[in-house]
There are 2 protein chains.
Amino acid sequence: MMQNKYLVIYQDLLEQIEDGIHPVDSYLPSENELKGQYQTSRETVRKALTLLSQNGYIQKVRGKGSVVLPRNKFDFPVSGLVSFKELRDKLGEDNKTHVLALETAVPSRHIKKQLMIDDDDTDTLVTTVIRAREINGEKVILDKDYFLAEKISGLTEQVAEDSIYQHLEGTLGLSISFAKKEITVEDPTEEDRESLDLDGFHNIVVIKNYVYLDDATLFQYTESRHRPDRFRFVDFARRHH
Amino acid sequence: MMQNKYLVIYQDLLEQIEDGIHPVDSYLPSENELKGQYQTSRETVRKALTLLSQNGYIQKVRGKGSVVLPRNKFDFPVSGLVSFKELRDKLGEDNKTHVLALETAVPSRHIKKQLMIDDDDTDTLVTTVIRAREINGEKVILDKDYFLAEKISGLTEQVAEDSIYQHLEGTLGLSISFAKKEITVEDPTEEDRESLDLDGFHNIVVIKNYVYLDDATLFQYTESRHRPDRFRFVDFARRHH
DNA sequence: AAGTGGTCTAGACCACCCA
DNA sequence: GGGTGGTCTAGACCACTTT
């Protein structure tokens, strides 16, 4: 299995950082050393280091080297595109997924708008998946996913209970490229009250997510509605001067 | 004033995109064309395009070119490091800043922990700034900033009412490199109730921000506490395969 | 086949840090 | 002054899209 050289270097170094071979506050080997170790050019080494830097693992300091940054164990993968399955695997708590709906149909006005489908368009079908996420016996997250039906297939209840993303990227070979997220706090809807264990909570955290493929086409809109006590968002942002 | 070539190209193209010279869904000139236009090498052109791509302005598509992506006018600068001043300038609403505290002292246990200062350390001073932000006559955001005092100077009430960031980057020449953010929803504290117009709101959105300089040293911890109806966070995240 | 972006190379000069 | 990362070059080959 051949890979891009810079990705091999990236993954190598990442593993070494996670294994503590390069502890926090220590310096990675210099770009010249790495260039020798991997029998490659300096620009290729730099590509790997730039990726590590973008993902918050190292900081490059002029005249000194690349320092390993501290990482909080609980950080979710850097700023998003995080699915419930990944999250659940990290947290390792008791949990369950209830599939409340799974259907393919002509979407409502509101969903058409979110997916940039023309209002007059009555041909484009959208697959809707609604799931309640249960953690430690309480239903605390309501996930409402809307997919362009033409792009997906084989979406069964089984798949929806596990990980849709795995299905998309693994089985269907779709390549997710980027996403736009918006986080707000709203009043719970009737649906929220019915589907979740809201107890005494008066608010709900809403994450709206627009997901795009490699060819820049929008193909998914997701609304993830969290009970406030079960919401946490971690972000790493670099300033591009 | 000489600049890096790739930044010149980046800013040029960005301006052209914002001016509509390259409308949404159109393709930028190809890398070969740009290389000619700017009398430079292709790798340098690619560096500029990569920046545009990271910041969510374009999507590069293999075999086709660089497509201009749609942008919501209201997007704040991509995922963060947004200061209240920037935000206020965008929104253009009536607003005011009340400086509630400004002092330099040995910090509390809790703040020491946030700024990675040793518990036994009684020498390191921290400058605390507490500000309430008023929008349309209501105090809706409480900003609590803690700076390593040795790194800053000349922080007056005047400066605090305007933009501390401008002071840091402009006047002091500090170079902010990256930040880690955590967003959660909590119960309001006594301080929140006293300093803000919470009306009937039962929750408060808390953004904890750890800001680092170019040399990877932590120098600021900020807690920004928003009334839920006045909170909105927008994020653009690329998937690095 | 021609054009596009993706990767890689071997070298160069510069700005910065440190002994 | 020697080592570090930051920028830039002129070329090469590849994978993909389009005609």
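Quick note on labels: first sequence line is chain A, next is B, and so on, each numbered from 1. Below, all heavy atoms of this structure are taken into account, side chains as well, without hydrogens, waters or symmetry copies.
We find that NZ of B:Lys5 is positioned 14 Å from C1' of C:dC14, with the value rounded to whole Å. Following rounding to the nearest Å, B:Asn32 (CG) and C:dT4 (C1') show an atom-to-atom distance of 8 Å. Remark: P of C:dC18 and CG of B:Asp215 are 10 Å apart, rounded to the nearest angstrom. Summarising the geometry, the separation between NZ on B:Lys35 and C1' on C:dG5 is reported as 13 Å, rounded to the nearest angstrom.
Under the 4.0 Å criterion applied to side-chain N and carboxylate O atoms, A:Arg62 and B:Asp214 are not assigned as salt-bridge partners. A salt bridge links A:Arg109 and A:Asp119; the closest N-O separation between the charged side-chain nitrogens and carboxylate oxygens is under 4.0 Å.
With a 6.0 Å cutoff to the six-membered ring centre and a 45° limit on the axis angle, A:Lys47 counts as a cation-pi contact of A:Tyr6.
Looking at which nucleotide of DNA chain C each of A:Thr44 and B:Arg42 is closest to, the 5′-most match is held by B:Arg42. Positionally, the nearest nucleotide of DNA chain C for A:Thr40 lies more toward the 5' end than for the other of A:Val61 and A:Thr40. For the pair A:Lys64 and A:Glu43, nearest-nucleotide mapping onto DNA chain D gives the more 5' position to A:Lys64.
Side-chain atoms of B:Lys5 do not come within 3.5 Å of backbone N or O of B:Ser41 as any donor-acceptor pair.
Under the 3.5 Å distance criterion, with hydrogens and angles disregarded, a donor-acceptor pair is assigned to the side chains of A:Thr217 and A:Asp215.
Contacts between chain B and DNA chain D, taken as any atom within less than 4.0 angstrom of a protein heavy atom, begin and end at D:dT7 to D:dT18.
No more than 12 heavy-atom neighbours from other residues, nucleotides or ligands sit within 6.0 angstrom of CG on A:Asp25.
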